[in-house]
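First comes the structure, then the notes that go with it.
First the proteins, then the strands, lettered A, B, ... as listed; each starts at 1.
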Amino acid sequence: MSENVAAPVIKATVREVPERVSLDGLENKFDARWRQEGTYAFDRSKTREQVYSIDTPPPTASGSLHVGHVFSYTHTDVLARYKRMRGAEVFYPMGWDDNGLPTERRVQNYYGVKVDLTLPYDPDFVPPQVPDGKVVKPADQVPVSRRNFIELCERLTAEDEKQFEELWRYLGLSVDWAQTYQTIDANSRSVAQRAFLRNLARGEAYQAEAPGLWDVTFQTAVAQAELEARDYPGHFHKVAFRAADDSPIFIETTRPELIPAVVALIAHPDDERYQPLFGTTVRSPLFGVEVPVLAHAAAEPEKGAGIAMCCTFGDLTDVQWWRELDLPTRSIIQRDGRLSREVPQWLNGDGAAFYAESLAGKTTFSARKEIVDALRASGDLDGEPTPTQRKTNFFEKGDKPLEIVTSRQWYIRNGGRPFTRRPVASTGSTSDLKDELLARGRELAFYPDFMRVRYENWAGGLNGDWLISRQRFFGVAIPLWYPVLASGEVDYANPIVPDEAALPVDPTSQAPADYAEGQRGVPGGFVGEADVMDTWATSSLTPLIVSGWERDADLFARIYPMDLRPQGQDIIRTWLFSTVVRSHLENDCLPWAGAAISGWILDPDRKKMSKSKGNVVTPMGLLEQHGSDAVRYWAASARLGTDAAFDEGQMKIGRRLATKVLNAAKFVLDINVGRLERPLAGSPEAKADVVGSKATEQIGTQDSPTIALDPALVTEPLDRSMLAGLADVVDAATKALEAYDHTRALEVSEAFFWTFCDDYLELVKERAYSSTPAAASARTALAIALDVMLRLLAPVLPFATEEVWGWWRDGSIHRAPWPTSDLLREAAGGVAPAGLTAAGHALAALRKLKSVAKVTMKTPILHATLAIPAPAIPAVAAAMADIRAAGKVEGPLMLIDAPESFDPTVQGGITVPEHELGEPPAKTPRA
RNA sequence: GAGCGAUUGGCGCAGCUGGUAGCGCGCUUCCCUGACACGGAAGAGGUCGCUGGUUCGAGUCCAGUAUCGCUCACCA
């Protein structure tokens, strides 16, 4: 700082300052200008060290953006603008997550179509016209090929995406709109398929035929990350199994409809009640199936009767027992959630007849009723079912409890099961994958830091690998085919893999190399994998998608690994974790250095805002009503990781601040170009000046419209003191933003700005108006402060600050350098910030006199005595002329030492002219 | 059941490495002062959830406890 060569003095030319300032219309005005001038365009000639790259969350395209989006995206934008002003070349893309179930459902309803995998692609397909709001019943939906369906998805989401972009532009996100992607576009599909194939080649992706959680509504397997435990009412049924001697063994179950699928009864090995039964068999009620009584440590003696019925499969504990005790498989629940239509082979006699007659093809709900009735009739039900409330796993988007069915699925290793990777070059590591991923979590910077525990909880608690295959249509296809053997059987164990150069591929409509389409589904031919990947399997690759992985090596080297992932706290276990997994497996590094986690928006009742509650405000309406700067101010007032209330009051404060910025700037600039210049009060010319603004303006035109931001011109102690305070603010704001604490930065900047307006501006006003030598000091200090304060506020208030910048500076403020304290400290010349504080207190004391006397502030004070703590006396004395002018003190103003008090107070009172006091206001009692 | 946050004037929040509380809104009173009435001035209002402990001294550190929120686990 000390050795710096004096920077050239900035000379600004004031072009035009509007007569009336306004925030209205700034959003569209500057969106157009920024677009035209490419203000936020990414310069890809910059090196990795110069680049700050952001892995922007792609919002779900099929739906609408809500206040929560505005909130969290503003956080990112504030940071992006800060980094840009700090000189970084910011890579700030925007994606649209149009891949997956939400889009699929929306397209299905919007166009009234459904996918039929057997149909060929029809290039001339025209979707049916569905009137707005009409819902086409599934039976009436037009079947289309998957490729046609995907085209419709792309068409519809393109419209949504246009609207989203409009909103983001209006909000002022400094995104480079040339850097956009969709999670279903060809590049994303290529990246997703390529990454999958590489996982496959390295043994990190595998398929397995296994029992897993299944949603019967969407008829797809779901992953652990998509589960949601919800309260679900049920009943305990006390049911008798029979031992060899016909004595009853009571179990308790909430799912009696699974009795036909029972494979064992299980109790804890130490449970003395059941120890005699271990190794024996018992008969199931109604069906008379003999099942063993077994011991397993996972059985809990306190739960229910202490002995559990193990069925294939009622829950994940059943799966565990089935696996560890090597039990047979007796599945009766089908993929549609109904009991199988054929009588299971292990049933016979009366049991088989009962099944055929009363249970086959029933939903679990009706089957349960049938079985309970039958148990009651047979005397195997002890007492009546007792209601209970339990937690059950649901698919987060579903509304029926998940069932467990056995199916062939694809998995990617994520540490949920023990796995050791091949030693990797960089570390030579052969540690367990879970440990490696936990280490990655420790390596990643979380803002705020406590969000890390969510990662650790999740990664540490995984109990299975990541299931990525979905039995859906709109998604990235799993890029595989399987040979069909001569027998007609499909050889899943030996998938046919496409060449990476051919990606993306759709195995349901394209034949693998060396095969002809005519060989599809015939012996000696092939079948295509029908499943798609889950949407997270694509979005876990966003850093690779945006950075041109395997497509644009030059770009990749400048962007990846990235600097920041901003995202919501709710998807740490999904998006954040899965991205770390993919990056770790593919690139052996973290995908980004840090993750900024935004909180929720709560409505005033402290409930999470949600559509279903009908309390969602449309963001565009909000922006139009309050102005984007105001809404951004509200968002920026909440710290990362903290939930915030939806608070329009805060937006009004933001608007007030933005308006104040315009007005204060207008004043500073006007006064600098002499537009407001006027003779000192009391001089003969003063009387002539009351004519009005026209005359004043004419005076102003005498001066040059050029302002020199020259620290050497700041000579008065009060002015220097103000700049010293601002220097501290710059340092504090910079430090806060470096720590991703945008709230703190805003707070200190804003507080200073108000002090600047309320105290400093008022104190120096008279001097700055005048043509005295000290006026130049005030004017220059005002201009220097304005220049710095505008830049401090620019990340939060991009529109108001850009407006003001345009009045007197060239280029965009958003490409201007972030302020440093050097120049300010130079101008302050060692004067302490406390001087302004003391003078401000002195002024406040004078104001208080008038306020207490209930007179207007322009009332002259005839004499006053200020008691000031001794250390502050020199500063106040130095600013005496300003204090007298601002306080309109016309008579003597005495300063005396008041060691007891830290604030200046008035002693002895003041005198204001009698006539100014007027009649004391009549005190009428209030109702 | 485990973990993580939060608990400060009516409301929304700050209080960094401990020294007897700050801001904004709202409220009261006053002022249309030539940057701004989308403004300005001055006020009233809190023993910082509770209980202990460390310390000369604790919203600030430690232990426990309560309430709220979230995350994970919990389907017999």
Side-chain angles (χ1 to χ4, degrees), chain A residues 17 20-23 229 232 234 236-237 239 251-255 258 265-267 299-300 303-311 314-318 388 390-393 401-402 448 450-454 456-458 460-461 463 569-570 572-573 599-600 602 604 606-608 627 630 637-639 641-645 647 649-650 652-653 655-671 676 678 689-690 692-693 696 732 735-736 741 743-744 747 750-751 754 757-758 761-762 765 769 843-844 846-859 888 921 926:
Chain A
V17 180
R20 291 282 309 171
V21 300
S22 170
L23 294 170
Y232 190 68
F236 277 124
H237 304 76
V239 175
I251 58 105
E252 289 200 33
T253 179
T254 55
R255 301 203 57 185
L258 291 176
L265 296 192
I266 294 169
E300 294 177 41
K303 252 185 189 173
I307 185 164
M309 166 177 89
C310 175
C311 306
D315 61 38
L316 292 172
T317 316
D318 286 344
T388 170
R390 65 219 168 95
K391 290 279 192 186
T392 302
N393 280 326
L402 292 170
F450 67 79
M451 286 293 175
R452 184 192 317 279
V453 299
R454 302 208 183 186
E456 283 168 355
N457 283 349
W458 181 254
N463 51 33
Q569 52 177 313
D570 52 328
I572 289 174
R573 68 175 183 170
W600 288 115
L602 308 173
R606 305 256 80 190
K607 293 277 183 327
K608 187 185 154 199
S637 303
R639 289 179 300 172
T642 307
D643 294 343
D647 184 1
Q650 197 68 13
K652 294 198 173 107
I653 298 164
R655 187 172 179 87
R656 202 167 69 112
L657 174 64
T659 306
K660 192 79 173 178
V661 165
L662 297 184
N663 280 303
K666 174 178 160 55
F667 173 75
V668 169
L669 295 180
D670 280 348
I671 213 165
L676 299 176
R678 65 168 194 243
D689 186 43
V690 294
S693 57
T696 318
K735 188 178 163 202
D741 187 355
T743 310
R744 175 87 189 135
E747 205 175 278
E750 184 192 8
W754 284 108
C757 291
D758 294 342
L761 215 56
E762 294 298 329
K765 224 175 196 174
Y769 279 140
L843 177 60
L846 296 174
R847 283 168 178 159
K848 183 168 180 175
L849 289 175
K850 302 183 191 180
S851 193
V852 168
K854 297 192 195 302
V855 296
T856 145
M857 289 298 145
K858 66 182 174 188
T859 307
K888 305 269 191 275
R926 298 168 58 83

Residue Lys854(A), side-chain heavy atoms: nucleotide from A76(B), C30(B), C72(B) that is nearest: C30(B)
Identified pairing partner of C38(B), criterion: Watson-Crick or G-U wobble below 3.5 Å: none
Atom-to-atom span, CG of Leu846(A) to P of C30(B) - whole angstrom: 22 Å
Watson-Crick or G-U counterpart of C13(B), or none if no pair lies under 3.5 Å: G22(B)
G3(B) and U65(B), which share atom name P, separated by this distance in whole Å: 11 Å
From CE (Met309(A)) to CG (Leu258(A)), nearest 0.5 Å: 6.0 Å
Spacing between Lys765(A) atom NZ and G34(B) atom C1', to the nearest angstrom: 8 Å
Any-strand Watson-Crick or G-U partner of U67(B), both distances under 3.5 Å: A6(B)
Residue Arg573(A), side-chain heavy atoms: nucleotide from C36(B), A76(B), C72(B) that is nearest: C72(B)
Residue Asp315(A), side-chain atoms from C-beta onward, closest of A42(B), C75(B), A14(B): C75(B)
Set of side-chain contact (heavy atoms from CB on, under 4.5 Å) partners for Arg847(A), sequence neighbours left out: Asp759(A), Glu762(A), Leu843(A), Met857(A)
Derivation and outcome, side-chain contact (heavy atoms from CB on, under 4.5 Å), residues Lys888(A) and Lys858(A): CA-CA 7 Å; Lys888(A) 305 269 191 275; Lys858(A) 66 182 174 188; 4.2 Å; yes
Distance test, side-chain N/O of Thr642(A) to OP1/OP2 of G5(B), below 4.0 Å: no
C1'-based separation of U67(B) from U51(B) [nearest Å]: 15 Å
Whole-angstrom distance between A2(B) and G64(B), as gauged at atom P: 12 Å
C4(B) OP1/OP2 closer than 4.0 Å to side-chain N/O of Arg454(A): no
Sugar-phosphate only, base, or nothing, as touched by Thr743(A) at under 4.0 Å among non-hydrogen atoms: nothing
Sugar-phosphate, base or nothing in reach of Leu669(A), heavy atoms under 4.0 Å: nothing
side-chain contact (heavy atoms from CB on, under 4.5 Å) assessment of Phe236(A) paired with Thr253(A): CA-CA 5 Å; Phe236(A) 277 124; Thr253(A) 179; over 6 Å; no
Asp643(A) CG to G69(B) P, straight-line distance once rounded to whole Å: 12 Å
Sugar-phosphate, base or nothing in reach of Gln650(A), heavy atoms under 4.0 Å: nothing
G59(B): syn or anti, per glycosidic angle within 90° of 0: syn
Inter-nucleotide P distance (C62(B), G26(B)), Å rounded: 38 Å
Sugar-phosphate, base or nothing in reach of Ile251(A), heavy atoms under 4.0 Å: nothing
Tyr769(A) side-chain N/O to A35(B) phosphate OP1/OP2 under 4.0 Å: yes
Side chain Lys850(A), main chain Thr859(A), donor-acceptor under 3.5 Å: yes
Length of the NZ-C1' vector between Lys652(A) and G26(B), whole Å: 12 Å
Touch class at under 4.0 angstrom, heavy-atom based, for Thr392(A) against every strand present: base
Closest nucleotide among C75(B), A14(B), G3(B) to the Lys303(A) side chain: C75(B)
P-based separation of A35(B) from C30(B) [nearest Å]: 26 Å
Under-4.0 Å side-chain N/O to phosphate OP1/OP2 contact, Lys391(A) with A73(B): no
Shortest non-hydrogen contact from Ala267(A) toward Ile307(A): CB-CG1, 4.0 Å
Set of side-chain contact (heavy atoms from CB on, under 4.5 Å) partners for Ala751(A), sequence neighbours left out: none
Distance, rounded to the nearest Å, where Asp570(A) contributes CG and U71(B) contributes P: 8 Å
Evaluation steps, side-chain contact (heavy atoms from CB on, under 4.5 Å), between Cys757(A) and Lys660(A): CA-CA 9 Å; Cys757(A) 291; Lys660(A) 192 79 173 178; 3.9 Å; yes
Euclidean distance for C1', A6(B) against C75(B) (whole angstrom): 31 Å
Euclidean distance, atom NE2 of residue His237(A) to atom C1' of C75(B) [Å, nearest integer]: 14 Å
4.5 Å side-chain heavy-atom contact, Trp458(A) and Ile572(A): no
With the criterion being N/O to N/O and under 3.5 Å, what pairs connect the protein with nucleotides 37-41 of chain B, and how long is each?
{"unit_1": "C38(B)", "atom_1": "O2", "unit_2": "Thr659(A)", "atom_2": "OG1", "d": "3.3"}
{"unit_1": "G39(B)", "atom_1": "O3'", "unit_2": "Lys660(A)", "atom_2": "NZ", "d": "3.2"}
{"unit_1": "G40(B)", "atom_1": "OP1", "unit_2": "Lys660(A)", "atom_2": "NZ", "d": "2.9"}
{"unit_1": "G40(B)", "atom_1": "OP2", "unit_2": "Arg656(A)", "atom_2": "NH1", "d": "3.4"}
{"unit_1": "A41(B)", "atom_1": "N3", "unit_2": "Ser851(A)", "atom_2": "OG", "d": "3.4"}

Integer-rounded Å distance: C75(B) C1' and Phe236(A) CZ: 9 Å
Sugar-phosphate only, base, or nothing, as touched by Ala638(A) at under 4.0 Å among non-hydrogen atoms: nothing
Residue Val852(A), side-chain heavy atoms: nucleotide from A42(B), C31(B), C75(B) that is nearest: A42(B)
Separation of the P atoms in G18(B) and C61(B), to the nearest angstrom: 9 Å
For C72(B), the Watson-Crick or wobble partner whose two distances fall under 3.5 Å: G1(B)
Atom pair CG/CD1 of Leu761(A) and Ile671(A) - distance to nearest 0.5 Å: 7.5 Å
Distance between P atoms of C27(B) and C68(B) (Å, rounded): 32 Å
Nearest-angstrom distance from the residue atom CG of Asn457(A) to P of G1(B): 17 Å
